[in-house]
Amino acid sequence: MSETTPASGAAEAATEPFRYGAALAAEIESRWQDLWEKEGTFNAPNPAGPLAEGADVTAKPHSFIMDMFPYPSGSGLHVGHPLGYIATDVYARYQRMTGHNVLHTLGYDAFGLPAEQYAVTHGIHPRVSTEDNIANMRRQLRRLGLGHDSRRSISTIDPDYYRWTQWIFLQIFNSWYDEAAGKARPIAELIASFESSEREVPGGRDWASLSGVERDEVLSEYRLAYAKEVPVNWCPGLGTVLANEEVTADGRSERGNFPVFKSNLRQWMMRITAYADRLIDDLDLLDWPEAIKLQQRNWIGRSEGARVDFAVGEDNITVFTTRPDTLFGATYMVLAPEHGLVDTVVPAAWPAGIPEAWTGGAATPAEAVAAYRATAAAKSDVERQVEAKVKTGVFTGAYATNPVSGEQVPVFIADYVLMGYGTGAIMAVPAHDHRDFAFARAFGLPMRCVVEPTDGRGEDPAAWDDAFDTYDSVIVNSAQGDLSLDGLRVVDAKARVTAWLTERGIGEGTVNFRLRDWLFSRQRYWGEPFPIVYDEDGAMHALPESMLPVEVPEVDDFSPHTYDADDAASTPKTPLSRNEDWVSVELDLGDGVKTYRRETNTMPNWAGSCWYELRYVDPVNSAKVVDPANEAYWMGPTADKPAGGVDLYVGGAEHAVLHLLYARFWHKVLHDLGHVSSVEPFHKLFNQGMITADVFRDDRGFPVPAAEVEEIDDEFFWNGEKVRREAGKMGKSLKNAIAPDEFADQYGADTLRLYEMSMGPLDVSRPWDARAVVGSFRFLQRLWRNIVSETTGELVVTEEEPDEATLRALHKTIDGMRGDMAGLRFNTAVAKAIELNNHLVKRGSTPRAVAEQIVLLVAPLAPHVAEELWRRLGHEQSLAFADYPVADPAYVVDETVTCVVQIKGKVKARLEVAPSISDADLEALALADPAVVAAIGDAPVRKVIARAPKLVNIVTG
RNA sequence: GCCGGGUUGGUGGAACGGCAUACACGAUCGCCUCAAAAGCGAUUGCCUGAAAGGGCUUGCGGGUUCGAAUCCCGCACCCGGCACCA
């Protein structure tokens, strides 16, 4: 049962000591890795600051290439992880060889849940375990030969880094969004306008007379970062609150899969909604996959509509609707159970003659409302989802006035209306909305058809099975007094009714977003502390820049305070609050030394990844977050990237709306405040696919170690037991992970790089095939053998002039590979290199000139072996900055091309012709060809299409 | 339910509207070897045929075109996202 072992055996080494095998590859690879490190080959000079090198680099074109920030996982890497890192490295090396100043590095996103959970389960302090993990990951990645600028490899847990994360938080905290200016401005300017009475203080109060806490409350309504009691996603199983983006569609935590409950808690929020429009509009400036742009647009969820006031007694209930044209069809209203006006509108007793079903069996409206609220609040998000089909609710006892028809319509509360969207209140148009239709049927509410059905169902909703919902029809039954919408198309009717409402001051056209403000605090130990303290009155104070960083304190117990996963009534406790010595602090914030209490929440782990691209640019700047000269050079807007940003950003599609939205938001705030010239952080985004692998499961469905499975006649066995194969993610839990170290021991890093790049297009997922790897290995072996003798180690290249066929093959390869490299099509680039190499194998010898070119061609893909061959070919300098080969156009075209002759679209003959042949000559040649003459027979030729020099198509009758 | 993306040999995948299946794996045969592994060489879409040859093929069904894997319409299946958002 001998396992196959590659060409690294001792016996082979004796006969062919200079063959490119695992041992030689390992020796070459570590030698070049050491050399690159020693010489700082991949250090990219900055225009200004400590990383500048004297010479002016601004004249040189820049290329800023990034991978998405990894978490330093405790279990180490498997071969699926570095796919993107290898791709960016290949591209970066190609860019370097085409004259670009290339910034490429990799830092570590080391705060947050995964790092903390690893530390808790292993009983080690998170800083210790994370730093170990980072060291291990650096070691693993170094073996792959990634050309990173190590001086720029920052880590989010480094106080010198999170000092700036906290500084940016303060920038955001100390800003407000000026709608009139369309951008963020310093909060000091708002305060000044309150003080001078230029701007009225909400509630008409006098700014000078407000207490600190009262001022906090006013400013909280403006600040871009604010603390407020809000309904949030509380996850008892994790012991923390979560952002909407971190909760899955079925109401569970994305991490850990615990139930999530709605709970009203005082939390930190980021006013990302202020940027909703700009976050949508600026997508047009970016070179991103359309699918990702679409996901962001959908997540932000811009909808145009109108606000309309419905009078209820003395009060007004304002609703948001996207269909104001159906206002005449609004036959009832619904408020979210938590809506603030519910208590105000509820009368003391039920009106006479209402259906039993409306009261929920309660004696008074107040009781009915209270009972319904209680049941609604006890539901988890999961239950809400499951019960979504069944509409529940209760009548409030109140009636509102439909502002266009003047009709009295009943007001309900129901949990199908969400407090967090629009105004938390709707006008229900059951005839033309599926949800309202279901509710109206359940409660026996009237319906009125106001959009003419186009499917022949008639205008009586009583006979319908569901609502009729379309934009493509005309309005009917909608006239009263001076307003008539009858006969108008939907779009025109909207405009007419909106104008009518606006004139009377009972409505206006408006835009609403699905996007909510970003919940920014977590009840965690392992995160950035907020640079915020509270005085004895509870008023909030931002710490001055000089007091940053606020370091994560040492505590005995850093574990989160978790609860039973289903304990909805529990409330979060912050780990940092355990440490009274740290929480209570004496500070002089301008009016003498006083005692303050620190904010004990921490930031979510997205914080550190919201701005790391900026720090890559200027990693050791202690005076500024980033020097404007450096930011402008690497990221500033240019003709090719109108919003500026990183030139290429490669990572998984799973960050479509989390990281990528948050980072764009922070970047825009920093832009508004004048800290960066770029408007967007990432110009070109590329989503790489995943590497999947076979998973083998036994009868019970448990995965068995894939490495130990044997294949016998298309069946699979583990320990003699038959197992079944399926596809899955590569990873520890499915027992199918392959470590890159293990792989490099067998074949070398160059083979791994080449194999991963040749598996398929970078953006699709593909299965790992352990057997197929040998193909990439063989290619390198053959390349080596074409240049170096396996028995003597001497060069075997010849000094002859390359023949014309070889030159044509070479230049076609150069031409193709350049295009493939620039377009990130590495799989076809590898195929072209292999073809050229196969040509040289067949040829029997390799002219030196061709050897040098092919070495340069494959250098970005397999840099170690390329450097080694380059050195052996007599070059003393690294090829990292050598010029990538340029194709000679004279050799890119063939001397003769094969022209196919089709008869009615079927290939019947082939002709060897000059590429310059004319259509007419080609046609004559084709018609004279004996095979063509035979195939045509005596059928009349109707038409001949000649496309010189490749094709002639003859159409016969 | 809505919105995206996909479906090409035994496998991963190539193919400006113009030779479908590049390149690689696997498989078969051969060379080398005492032997095996590794390496090297040849063959390899499917059907039919002794062969020459012939026929059929890009998920399915239509359409546009001299010509469609590629463009358009409809359908099936797979993957991803959103989901009571008014």
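FYI, side chains are in, hydrogens and waters are out, and symmetry mates aren't considered; it's all heavy atoms of this structure. Reminder, nothing fancy here: chain letters follow the sequence lines and each chain counts from 1.
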Colleague: Side chain of A:R771: nearest nucleotide among B:C66, B:C3, B:G26?
Modeller: B:G26
Colleague: Which part of the nucleic acid does A:I945 contact within heavy-atom distance under 4.0 Å: base, sugar-phosphate only, or nothing?
Modeller: base
Colleague: Which is true for A:R514 with a 4.0 Å heavy-atom rule: it touches a base, it touches only sugar-phosphate, or it touches nothing?
Modeller: base
Colleague: Could you give the CD1-to-P distance, from A:I954 to B:U65, as a whole number of Å?
Modeller: 21 Å
Colleague: Which listed nucleotide (B:C84, B:G26, B:G4) is nearest to the side chain of A:Y416?
Modeller: B:C84
Colleague: Please pick, from B:A22, B:C25, B:C66, the nucleotide with the shortest atom-to-atom distance to any side-chain atom of A:A831.
Modeller: B:A22
Colleague: Using 0.5 Å steps for rounding, measure from the CZ atom of A:R514 to the CZ atom of A:R302.
Modeller: 15.5 Å
Colleague: Anti or syn, where syn is a glycosidic angle within 90° of 0; which label fits B:G9?
Modeller: syn
Colleague: Checking only heavy atoms, does the side chain of A:R947 share a donor-acceptor pair with the base of B:G18 at less than 3.5 Å?
Modeller: yes
Colleague: What is the base-pairing partner of B:G17, counting Watson-Crick and G-U wobble geometry with both distances under 3.5 Å?
Modeller: none
Colleague: Side chain of A:I834 only, please: which of B:G18, B:A83, B:A24 is the nearest?
Modeller: B:A24
Colleague: Could you please name the partner base of B:G80, counting Watson-Crick and G-U wobble pairs only when both distances are under 3.5 Å?
Modeller: B:C3
Colleague: Which of the following nucleotides, B:G18, B:A86, B:A24, is nearest to the side chain of A:Q902?
Modeller: B:G18
Colleague: Given B:C23, B:A14, B:G39, identify the nucleotide with an atom nearest to the side chain of A:P761.
Modeller: B:A14
Colleague: Please pick, from B:C66, B:A86, B:C82, the nucleotide with the shortest atom-to-atom distance to any side-chain atom of A:W299.
Modeller: B:C82
Colleague: Touch check for A:L294, heavy atoms < 4.0 angstrom, all strands: base, sugar-phosphate only, or nothing?
Modeller: sugar-phosphate
Colleague: Which whole-number value in Å describes the distance from A:L418 CG to B:A86 C1'?
Modeller: 9 Å
Colleague: Indicate, with a heavy-atom threshold strictly under 4.0 Å, whether A:N512 touches base, sugar-phosphate, or nothing.
Modeller: nothing
Colleague: Which one is paired to B:A52, where only Watson-Crick or G-U wobble pairs with both distances under 3.5 angstrom count?
Modeller: none
Colleague: Please give the distance between the C1' atoms of B:G41 and B:C46 as a whole number of Å.
Modeller: 26 Å
Colleague: A:R778 or A:E290: which one's nearest nucleotide on RNA chain B is closer to the 5' end?
Modeller: A:E290
Colleague: For the side-chain contact (heavy atoms from CB on, under 4.5 Å) test, which of A:D433, A:V450, A:V451 pairs with A:R323?
Modeller: A:V451
Colleague: Using Watson-Crick or G-U wobble geometry with both distances below 3.5 Å, tell me the partner of B:A35, or none.
Modeller: none
Colleague: Heavy atoms only, 4.0 Å cut-off, all strands: where does A:A772 land among base, sugar-phosphate and nothing?
Modeller: sugar-phosphate
Colleague: In Watson-Crick or G-U wobble terms, both distances under 3.5 Å, what is the partner of B:C23?
Modeller: B:G12
Colleague: Between B:C23, B:C19, B:G13, which nucleotide gets closest to the side-chain atoms of A:E835?
Modeller: B:C23
Colleague: Over how many whole Å does the gap from A:E756 atom CD to B:G13 atom P extend?
Modeller: 14 Å
Colleague: Measure CG/A:D769 against P/B:A24 and give the value in whole Å, please.
Modeller: 15 Å
Colleague: Choose from B:C84, B:A86, B:G12 the nucleotide whose nearest atom is closest to any side-chain atom of A:D415.
Modeller: B:C84
Colleague: Within the 4.0 Å heavy-atom criterion, would you say A:V901 contacts the bases, only the backbone, or no part of the nucleic acid?
Modeller: nothing
Colleague: Should B:U70 form a Watson-Crick or G-U wobble pair with both distances under 3.5 Å, which nucleotide is its partner?
Modeller: none
Colleague: What nucleotide, of B:C40, B:A86, B:C25, holds the atom closest to the side chain of A:R785?
Modeller: B:C40
Colleague: Rounded to the Å, how far apart are A:L754 CG and B:C23 C1'?
Modeller: 11 Å
Colleague: Within the structure shown, what part of the strands sits under 4.0 Å from A:S758 by heavy-atom distance: base, sugar-phosphate, or nothing?
Modeller: nothing
Colleague: Suppose you measure atom P in B:C47 against the same atom in B:G10; what distance do you get, rounded to whole Å?
Modeller: 9 Å
Colleague: If B:C29 has a Watson-Crick or G-U wobble mate with both distances under 3.5 Å, name it; if not, just say none.
Modeller: B:G41
Colleague: Rounded to whole angstroms, how far apart are CZ on A:F779 and P on B:C25?
Modeller: 12 Å
Colleague: At less than 4.0 Å, is any side-chain N or O atom of A:K950 found next to OP1 or OP2 of B:G18? Yes or no.
Modeller: no
Colleague: Under 4.0 Å between any heavy atoms, over every strand shown, what does A:R307 touch: base, sugar-phosphate, or nothing? Just pick one.
Modeller: nothing
Colleague: For A:K293, does the NZ atom have more than 12 heavy-atom neighbours from other residues, nucleotides or ligands under 6.0 Å away?
Modeller: yes
Colleague: For the residue pair A:F743 and A:W768, is the inter-centroid distance of their aromatic rings smaller than 6.0 Å?
Modeller: yes
Colleague: Applying the Watson-Crick and G-U wobble criteria at under 3.5 Å, what pairs with B:C75? Answer none if nothing qualifies.
Modeller: B:G59
Colleague: How about A:W784 and A:F779: are their ring centres within less than 6.0 Å of each other?
Modeller: no
Colleague: On the nucleotide B:G13, are OP1 or OP2 found under 4.0 Å from the side-chain N or O atoms that A:R766 carries?
Modeller: no
Colleague: Walk me through it: do A:F439 and A:F412 pass the test ring pair (Phe, Tyr, Trp, His ring centres under 6.0 Å)?
Modeller: CA-CA 10 Å; A:F439 189 86; A:F412 281 72; 5.4 Å; yes
Colleague: So do A:L783 and A:I834 actually touch side chain to side chain, heavy atoms under 4.5 Å?
Modeller: no
Colleague: Distance check, rounded to the nearest 0.5 Å: A:M817 atom CE versus A:L836 atom CG?
Modeller: 8.5 Å
Colleague: Examine the base of B:C84 for any acceptor or donor lying under 3.5 Å from a partner atom in the side chain of A:K391, and report the outcome as yes or no.
Modeller: yes
Colleague: If you pin A:S776 and A:R323 to their nearest nucleotides in RNA chain B, which one's is more 5'?
Modeller: A:S776
Colleague: Would one find a side-chain N or O of A:S303 under 4.0 angstrom from OP1 or OP2 of B:A86?
Modeller: yes
Colleague: Taking CD1 from A:I300 and C1' from B:G81, how many angstroms apart are they, rounded to a whole number?
Modeller: 15 Å
Colleague: Need one value for A:R297: base, sugar-phosphate or nothing, where a base atom within 4.0 Å counts as base even if backbone is also close, heavy atoms only.
Modeller: nothing
Colleague: On a whole-Å scale, what distance lies between the P atoms belonging to B:C75 and B:C3?
Modeller: 12 Å
Colleague: Over how many whole Å does the gap from A:D466 atom CG to B:C84 atom C1' extend?
Modeller: 13 Å
Colleague: Write down the distance separating the C1' atoms in B:C78 and B:G59, rounded off to the nearest Å.
Modeller: 11 Å
Colleague: Looking at A:V830, A:I86, A:V858, which one forms a side-chain contact (heavy atoms from CB on, under 4.5 Å) with A:L754?
Modeller: A:V830
Colleague: Could you tell me whether A:N953 contacts a base, only the sugar-phosphate backbone, or nothing, with contacts defined as non-hydrogen atoms closer than 4.0 Å?
Modeller: base
Colleague: Once you apply a heavy-atom cut-off of 4.0 Å, does A:N827 come out as touching a base, just sugar-phosphate, or nothing?
Modeller: sugar-phosphate
Colleague: What pairs meet the salt bridge (Lys or Arg N to Asp or Glu O under 4.0 Å) rule with one or both residues in residues 750-768 of chain A, with sequence neighbours excluded?
Modeller: A:D89-A:R753
Colleague: Can you tell me if the side-chain N/O atoms of A:R825 get under 4.0 Å from OP1 or OP2 in B:A14?
Modeller: no
Colleague: Using a 4.0 Å heavy-atom cut-off, does A:V417 contact any base of the nucleic acid, only the sugar-phosphate backbone, or nothing at all?
Modeller: base
